[in-house]
Q: 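Here's a structure for you.
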Amino acid sequence: MTCAEVRELLSAWLDRELDLRTSLEIERHLETCPGCSESRDRLVALQAALKDPALLEPLPPDLTPRVRRALRREVPRAAVSAPWSLGVAAALACAFLGGRYLAGVGGAGPVPEVVSAHVRSLLPDHLMDVASSDRHTVKPFFHGRLDYAPPVPDLASDGFPLAGGRVDVVGGRRVAALVYMRRQHVVNVFVVPKAGGALPPPRMVDGYAVRGFEAGGFVFWAVSDLDPAELGHFADLVRTAVGS
Ligand SMILES: [Zn+2]
């Protein structure tokens, strides 16, 4: 991958919109290219700046009328060249401010990210880098690919056989993804070292059940189209197997 290609894809990569193979190619390139790493750092800094809590305060109730009034003063100039630009500018201003406002309210943590990683994994050839029901094959696969060793519990006798694992990208970092099966349903489990902060309650997103829980110094994010109660049972099994 050339520098030009990498830089063109950087913001899509940061937004986790790329498939795993392309993401890994970009990461490999970034490891060895100072120029592109610098571009990435600038983008990351920009995104962090946009998440500044100062930007997340509730919108003053009179903001929209003030924006409209300010724009109306511009009408004589704007209306001549592009009559639609007033509406477009107002819509953009409201979309931007409204979007920032909403971003501060949800508190969903990485929930949307693990759901999109789950959906991405269901694309052809994306589910597993290592396909095995043997934890002694799956666990060593992560060695050297991640800077931590995720626990890989064996839950076959509980009706959740292991199918394999892969390295995925969630929140811009490489994480362990374990794949379990329940009948014909895929259960993706993203495992990351515990970093503090409260986990959001179990929820449904886009028809998928999502459950974050802690065990053995790790945070597990389980995502599946299983019934939420069944995913809760799965979480209990993982907690018991891994220990706390
Ligand atoms: Zn480069």
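Hydrogens, waters and symmetry mates are skipped; everything else that's a heavy atom, side chains included, is used.
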Q: Are V179 and V242 joined in one hydrophobic group, where the rule is that I, L, V, M, F, W and Y side chains link up if heavy atoms are under 4.5 Å apart?
A: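 Yes.
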Q: According to a 4.5 Å side-chain heavy-atom criterion applied to Ile, Leu, Val, Met, Phe, Trp and Tyr, with indirect links allowed, do F141 and F190 form part of one hydrophobic cluster?
A: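 Same cluster.
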Q: Within the supplied structure, the quantity of interest is the number of heavy atoms (other residues, nucleotides, ligands) at a distance under 6.0 Å from E38 CD; does it exceed 12?
A: no
Q: Can you find a pair of side-chain heavy atoms, one from W13 and one from V6, that are under 4.5 Å apart?
A: no
Q: Is the closest side-chain heavy-atom distance between R7 and C36 below 4.5 Å?
A: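 Counting from C-beta outward, R7 and C36 do come under 4.5 Å.
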Q: Salt bridge or not for R21 and E25, using N-O below 4.0 Å?
A: no
Q: S116 side chain to P112 main-chain N or O, any donor-acceptor pair under 3.5 Å?
A: yes
Q: How long is the gap from CZ on F213 to CG on L231, to the nearest 0.5 Å?
A: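 If I round to the nearest 0.5 Å, the distance is 7.5 Å.
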Q: V238 versus F160: any side-chain heavy-atom pair under 4.5 Å?
A: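 No; the side chains remain at least 4.5 Å from each other.
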Q: Any idea which heavy atoms bring P151 and F220 closest together, and the distance?
A: CG-CZ, 3.7 Å
Q: Kindly say whether V191 contributes a backbone atom to a donor-acceptor pair with the side chain of Y148 at under 3.5 angstrom?
A: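 Present.
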Q: After noting the C-alpha distance and the side-chain angles of F142 and V130, does the key distance pass the side chain to side chain contact (heavy atoms under 4.5 Å, CB included) rule?
A: CA-CA 10 Å; F142 294 108; V130 54; 5.7 Å; no
Q: So which atom in V189 and which in Y180 form the shortest heavy-atom distance, rounded to 0.1 Å?
A: CG2-CD1, 3.9 Å
Q: Are W221 and V111 close enough that some pair of their side-chain heavy atoms sits under 4.5 Å apart?
A: yes
Q: Going from CG on L46 to CG on D41, what distance comes out if it is rounded to the nearest 0.5 angstrom?
A: 12.5 Å
Q: Please check if V115 and L178 belong to a single hydrophobic cluster, counting links between Ile, Leu, Val, Met, Phe, Trp and Tyr side chain heavy atoms closer than 4.5 Å.
A: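 Same cluster: V115 reaches L178 through Ile, Leu, Val, Met, Phe, Trp or Tyr contacts under 4.5 Å.
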Q: Can you name the closest pair of heavy atoms from L9 and T22 and give their distance?
A: CD1-CG2, 4.0 Å
Q: If I compare all heavy atoms of C33 with all of S37, which pair ends up nearest, and what's the gap?
A: O-OG, 2.8 Å
Q: Hydrophobic cluster membership, with links at side-chain heavy-atom distances under 4.5 Å among I/L/V/M/F/W/Y: are V205 and V114 in one?
A: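 Yes, because V205 and V114 connect within a single hydrophobic cluster, where side-chain heavy atoms sit under 4.5 Å apart.
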Q: Let me confirm one number: the CG-CG distance from D154 to L237, rounded to the nearest 0.5 Å.
A: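 Nearest 0.5 Å value for the CG-CG distance: 11.5 Å.
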Q: Apply the test side chain to side chain contact (heavy atoms under 4.5 Å, CB included) to residues L24 and R174: give CA-CA distance (whole Å), side-chain angles for both, the deciding distance (0.1 Å), then the verdict.
A: CA-CA 9 Å; L24 290 177; R174 295 158 68 114; 3.6 Å; yes
Q: R166 vs N188, test: side chain to side chain donor-acceptor pair (under 3.5 Å). Steps then yes/no.
A: CA-CA 10 Å; R166 68 181 182 282; N188 263 298; 2.9 Å; yes
Q: Rounded to the nearest 0.5 Å, what separation is found between the CG atom of L122 and the CG atom of D225?
A: 8.0 Å
Q: Counting C-beta onward and ignoring hydrogens, is there a side-chain heavy-atom pair between E27 and V169 closer than 4.5 Å?
A: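 Side-chain contact under 4.5 Å: yes.
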Q: Looking at every non-hydrogen atom in both residues, tell me the closest pair between R182 and L226 and how far apart they are.
A: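 Heavy atoms only, the tightest pair is CG-CD2, 3.7 Å.
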Q: Less than 4.5 Å apart, side chain to side chain, heavy atoms only: is that true for L123 and D19?
A: no
Q: Just verifying a value: how many Å separate E8 CD and C3 SG, rounded to the nearest 0.5 Å?
A: 13.0 Å
Q: Could D129 and R145 be called an ion pair, given the rule that one side-chain N must be under 4.0 Å from one carboxylate O?
A: no
Q: With D168 as reference, evaluate R16, R120, H126 under the side-chain contact (heavy atoms from CB on, under 4.5 Å) test and give the passing residue.
A: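 Exactly one pass, corresponding to R120.
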Q: Indicate if I26 and V167 have the same hydrophobic cluster label, given that clusters are the connected sets of ILVMFWY residues with side-chain heavy-atom separations under 4.5 angstrom.
A: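 In one cluster with I26: V167, no.
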Q: Where do R173 and D147 land on the side chain to side chain contact (heavy atoms under 4.5 Å, CB included) test, with the steps shown first?
A: CA-CA 11 Å; R173 77 169 286 184; D147 54 7; 3.6 Å; yes
Q: Does a side-chain heavy-atom distance below 4.5 Å link F234 with D158?
A: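 No. Closest side-chain heavy atoms not under 4.5 Å.
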Q: For A241 and L155, work out which heavy atoms get closest and say how close.
A: CB-CD2, 4.0 Å
Q: Are side-chain heavy atoms of M181 and V186 found at a separation under 4.5 Å?
A: yes
Q: Is the backbone N or O of M1 less than 3.5 Å from a side-chain atom of H29, with the two atoms forming a donor-acceptor pair by type?
A: yes
